[in-house]
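Comments concern the structure below.
In what follows, chains are A, B, ... by sequence order, proteins preceding strands, each numbered from 1. All of these numbers come straight from a predicted model, not from anything done at the bench.
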2 protein chains.
Amino acid sequence: MTVTLADVAARAQVSPATVSRVLNGNYPVAASTRERVLKAVDELDYVLNGPASALAAATSDLVGILVNDIADPFFGIMASAIQAEIGGPGGRAGGERLAVVCNTGGSPERELTYLTLLQRQRAAAVVLTGGAIEDAPHRAAMDVKLRKLAEAGTRVVLCGRPQAPETGAIALTFDNRGGGQELTEHLIGLGHRRLGYIAGPQERTTTRHRLEGHRAALAAHGIEEDPRWTVHGRYDRRSGYEATLELLRRDPSLTAVVAANDSVALGACAALRESGLRIPDDVSVAGFDDLPFSIDAVPALTTVRLPLAEAGARAGRIAMGREEAPADGIAVVRGELVVRGSTAAPRG
Amino acid sequence: MTVTLADVAARAQVSPATVSRVLNGNYPVAASTRERVLKAVDELDYVLNGPASALAAATSDLVGILVNDIADPFFGIMASAIQAEIGGPGGRAGGERLAVVCNTGGSPERELTYLTLLQRQRAAAVVLTGGAIEDAPHRAAMDVKLRKLAEAGTRVVLCGRPQAPETGAIALTFDNRGGGQELTEHLIGLGHRRLGYIAGPQERTTTRHRLEGHRAALAAHGIEEDPRWTVHGRYDRRSGYEATLELLRRDPSLTAVVAANDSVALGACAALRESGLRIPDDVSVAGFDDLPFSIDAVPALTTVRLPLAEAGARAGRIAMGREEAPADGIAVVRGELVVRGSTAAPRG
DNA sequence: AACGTCACAGCAAGCGCTTTCTATGTAGGG
DNA sequence: CCCTACATAGAAAGCGCTTGCTGTGACGTT
């Protein structure tokens with residue numbers, strides 16, 4: 001029913017072995033033979049059976065990209081850059097690889113299961129993006145899994161995620177702490193002394209690092225932090241909206257709100273505006289990531305730009321073995337403070 | 001080196017067949033035996049070889065989701081919803097399936113190649129999202145490919161894409177034309193008579209349909225359209241920015257700008273603002289899709305809401321065979337006009 | 001008491017491809 | 001001219017799993 005290698009071989013009057021070699025192009029095949037085979041392939045409309053060849057060759061051309069939330073441009077941008085480098089079709093940088101993105105939805109189980117699924121498929125490489133979950137058992141399980149993958153010959157790259165020592169994974173880590181610190185220092189420099197902070201979900205490394213940076217800045221300037229000034233939430237707009245209302249309730253005298261990321265910041269802006277406060281006149285707002293829409297907020301968002309696309313591209317190249325991994329298996333990617341209209345000095 | 005089914009069998013003192021049956025759980029296996037096998041699996045840390053089982057069973061658990069631009073939330077939201085239904089891990093609605101999203105970047109070749117790659121993997125289902133490319137040869141090639149996939153037992157679902165007759169694909173089509181018409185009618189109702197239109201890329205069905213809706217509205221109200229009022233561009237912010245500047249250059253008397261989608265509309269807003277025009281006082285702006293950030297624009301964007309997540313979920317369910325396909329293989333999904341602050345009556 | 005029924009478990013034949021090893025034809029080299 | 005070398009092509013042994021078919025006891029039935 002379906003056309004197989006053997007059919008092509010028969011039609012081209014050669015052995016299956018020869019057809020395979022033509023298709024994989026690593027073994028010398030006479031030009032005339034090759035042509036005949038290609039013609040047969042074309043005529044029969046033959047499509048290689050992926051599983052069969054993966055089984056026989058003990059490798060596949062699948063490359064997995066794990067993201068926490070595919071609907072979030074933060075991940076979309078990275079995934080896009082990674083995929084562009086993997087080649088997928090079109091890249092034509094050697095063998096065609098099927099770059100696939102897997103959406104974990106931030107769930108530890110799904111993260112693990114996807115990894116198993118990829119392991120099952122004998123994926124050529126896996127790129128994990130975004131922050132990791134800090135839960136100890138999960139982390140241990142992940143480490144084991146990553147090590148296994150690496151041992152099985154799958155290249156593992158972390159993009160925007162802290163290093164996983166002893167797993168053989170290569171890490172491109174974002175300097176969330178440094179970025180957070182710089183951002184808050186900017187605010188302090190403007191004269192703010194009462195700053196609310198809307199953090200992401202508790203158990204994520206990204207959340208913790210950004211928050212640590214924020215606190216480091218406060219500490220460095222001798223500002224004592226009021227516990228009421230920090231609220232945790234999700235990395236989305238809604239969460240920013242609600243958290244801001246909560247912050248305002250707890251301490252209406254805040255002059256600045258620092259958000260875990262740009263989406264959260266947008267929600268914060270909405271909440272402030274609805275509360276009758278002006279930005280930045282009454283309250284300054286800052287985000288993180290510098291996603292495309294941040295410049296369109298009114299006023300435009302002060303934020304920390306993360307080179308998502310560049311980091312993704314690099315991760316992709318490393319995954320493909322087209323770029324050397326950084327020494328020690330880790331490279332720190334810095335963010336850059338981008339000051340725009342949403343932050344200003346507090347009113348006298 | 002790697003653990004195989006046979007190893008597990010040996011350890012559990014059963015035949016490989018039994019292990020396979022325990023793992024696939026379709027054939028009766030005594031509880032005690034099953035337990036022993038599971039224990040062995042666990043102890044040996046066995047991971048099924050995907051390619052091997054796909055080869056033997058002649059099907060795989062891969063489900064492909066094709067998107068035009070993964071960095072665009074429009075696709076991210078749909079992909080997310082689809083994936084959630086596919087199960088991926090976590091869904092647990094039967095067999096675990098590896099839902100993978102493939103980024104075509106809007107390129108016809110990549111679209112086709114991804115389809116071949118998925119065909120090669122003997123994917124269980126494929127969901128194509130977003131508008132199609134109208135180029136006739138490409139379309140024909142796609143139709144052939146889709147038909148082949150369907151014939152090979154892969155379920156093919158189109159989400160937000162026009163029907164592909166005779167390919168066996170099930171379509172959930174967005175009513176872009178109707179939405180576009182309603183939107184422009186809203187503007188006309190407000191009193192606008194000179195409306196600029198920033199369209200998407202020429203060759204996409206989405207572009208054409210939205211534009212047709214727009215023109216239908218104009219025609220219905222006897223407004224003759226000036227060819228200078230339409231500019232084509234990409235579906236991104238940048239494009240909206242540039243196109244708006246161009247529109248303004250061509251006819252500074254426009255009182256409204258209708259954009260191909262929300263991102264474009266945001267760019268349009270930026271351009272207008274920088275040109276010293278106020279929204280909606282001087283110029284009204286409207287988008288399409290109602291992506292999450294649209295409500296945060298200032299003023300908030302009037303747009304047409306497309307139930308992206310719902311449509312995606314439905315497509316996912318159909319792909320999994322968990323929901324019946326619509327009669328005739330096609331269902332039209334309507335958008336809903338959402339009026340917000342960016343549109344108002346033109347100044348006297 | 002003999003036999004048909006079940007409920008399980010095992011055998012073995014592939015699934016379609018890759019790849020090692022071997023065979024063959026041709027071209028120089030001595 | 002014969003022999004070694006090289007360039008190709010073929011034969012065949014798997015890769016690890018699924019599954020139709022074939023046992024084999026333990027029961028329940030006449």
Side-chain angles (χ1 to χ4, degrees), chain A residues 1-38 40-41 44-62 95 116-117 119-122 124 152-153, chain B residues 1-38 40-41 44-62 95-96 116-117 119-124 152-153:
Chain A
M1 205 211 112
T2 58
V3 184
T4 73
L5 236 209
D7 298 330
V8 176
R11 172 145 201 150
Q13 315 243 51
V14 296
S15 71
T18 302
V19 177
S20 170
R21 296 202 259 249
V22 168
L23 263 25
N24 293 297
N26 28 334
Y27 192 88
V29 174
S32 65
T33 314
R34 145 172 293 113
E35 210 167 293
R36 208 146 29 96
V37 170
L38 258 17
V41 166
L44 294 176
D45 222 357
Y46 170 67
V47 176
L48 190 69
N49 181 316
S53 83
L55 172 57
T59 51
S60 85
D61 49 9
L62 220 64
T116 300
L117 249 28
Q119 181 183 7
R120 201 173 272 194
Q121 301 299 328
R122 305 301 188 249
Chain B
M1 206 213 113
T2 57
V3 183
T4 72
L5 235 210
D7 298 330
V8 176
R11 172 145 201 151
Q13 316 243 52
V14 296
S15 72
T18 302
V19 178
S20 170
R21 298 203 257 249
V22 168
L23 263 25
N24 293 296
N26 28 335
Y27 193 87
V29 174
S32 65
T33 313
R34 146 172 293 112
E35 211 168 292
R36 209 146 26 95
V37 170
L38 258 17
V41 166
L44 294 177
D45 221 358
Y46 170 69
V47 175
L48 190 68
N49 182 316
S53 83
L55 172 59
T59 51
S60 85
D61 49 8
L62 220 63
E96 263 162 9
T116 301
L117 248 29
Q119 181 182 7
R120 203 174 270 194
Q121 302 299 327
R122 304 302 187 250

Checklist entry - Side-chain N or O of B/Asn49 less than 4.0 angstrom from OP1 or OP2 on D/dC15? => result no

Checklist entry - OP1 or OP2 of C/dC8 less than 4.0 angstrom from a side-chain nitrogen or oxygen of B/Thr33, does that happen here? => result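 No, because none of the side-chain N or O atoms of B/Thr33 sits under 4.0 Å from OP1 or OP2 of C/dC8.
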
Next on the checklist: Within the 4.5 Å heavy-atom criterion, are A/Leu23 and A/Leu5 side-chain neighbours or not?
Outcome noted: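 Yes. Closest side-chain heavy atoms under 4.5 Å.
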
Checklist entry - Do the non-hydrogen side-chain atoms of A/Val14 and A/Thr33 ever get within less than 4.5 Å of each other? => result yes

Just the rounded figure in Å: distance from [atom2] of [N] to [atom1] of [X].
X        : N      : atom1 : atom2 : value
B/Asn24  : C/dC8  : CG    : P     : 17 Å
A/Arg122 : D/dG16 : CZ    : P     : 8 Å
A/Arg34  : D/dA7  : CZ    : P     : 15 Å
A/Leu44  : C/dG16 : CG    : P     : 15 Å
A/Leu55  : D/dT18 : CG    : C1'   : 12 Å
A/Leu23  : D/dA9  : CG    : P     : 15 Å

Next on the checklist: I'd like to know if B/Arg21 reaches the base of D/dG20 with its side chain such that a donor and an acceptor end up less than 3.5 angstrom apart.
Outcome noted: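 Checked by distance alone, the answer is yes.
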
Item to check | Donor-acceptor pair (no angle test) under 3.5 Å: A/Arg36 side chain, D/dT8 base | outcome: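 It does not, because no donor-acceptor pair links the side chain of A/Arg36 to the base of D/dT8 below 3.5 Å.
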
Checklist entry - Counting only non-hydrogen atoms, which of residues 4-19 of chain A are less than 4.0 Å from DNA chain C? => result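 A/Thr4, A/Leu5, A/Ala17 - these, ordered by number, are the residues of the stretch whose heavy atoms sit under 4.0 Å from the strand.
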
Item to check | 5'-most by nearest nucleotide on DNA chain C - B/Ala57 or B/Val29 | outcome: B/Val29

Would a distance-only check, ignoring hydrogens and angles, find a side-chain to backbone donor-acceptor pair under 3.5 Å from [X] to [Y]?
X       : Y       : value
B/Ser60 : B/Ala54 : no
A/Arg36 : A/Ala12 : yes
A/Asn24 : A/Arg21 : no

Item to check | Distance (rounded to the nearest 0.5 Å) between A/Leu48 CG and B/Gln121 CD | outcome: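 That separation rounds to 9.0 Å.
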
Next on the checklist: Quick check for you: to the nearest 0.5 Å, what is the distance between B/Arg120 atom CZ and A/Asn49 atom CG?
Outcome noted: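 Separation between the atoms: 10.0 Å.
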
Next on the checklist: Can you work out whether B/Tyr27 or B/Leu48 has the more 5'-proximal nearest nucleotide on DNA chain D?
Outcome noted: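 That would be B/Leu48.
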
Next on the checklist: Over all strands shown, is B/Ser20 touching base, sugar-phosphate only, or nothing at heavy-atom distances under 4.0 angstrom?
Outcome noted: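 Base contact - B/Ser20 has a heavy atom under 4.0 Å of at least one base atom.
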
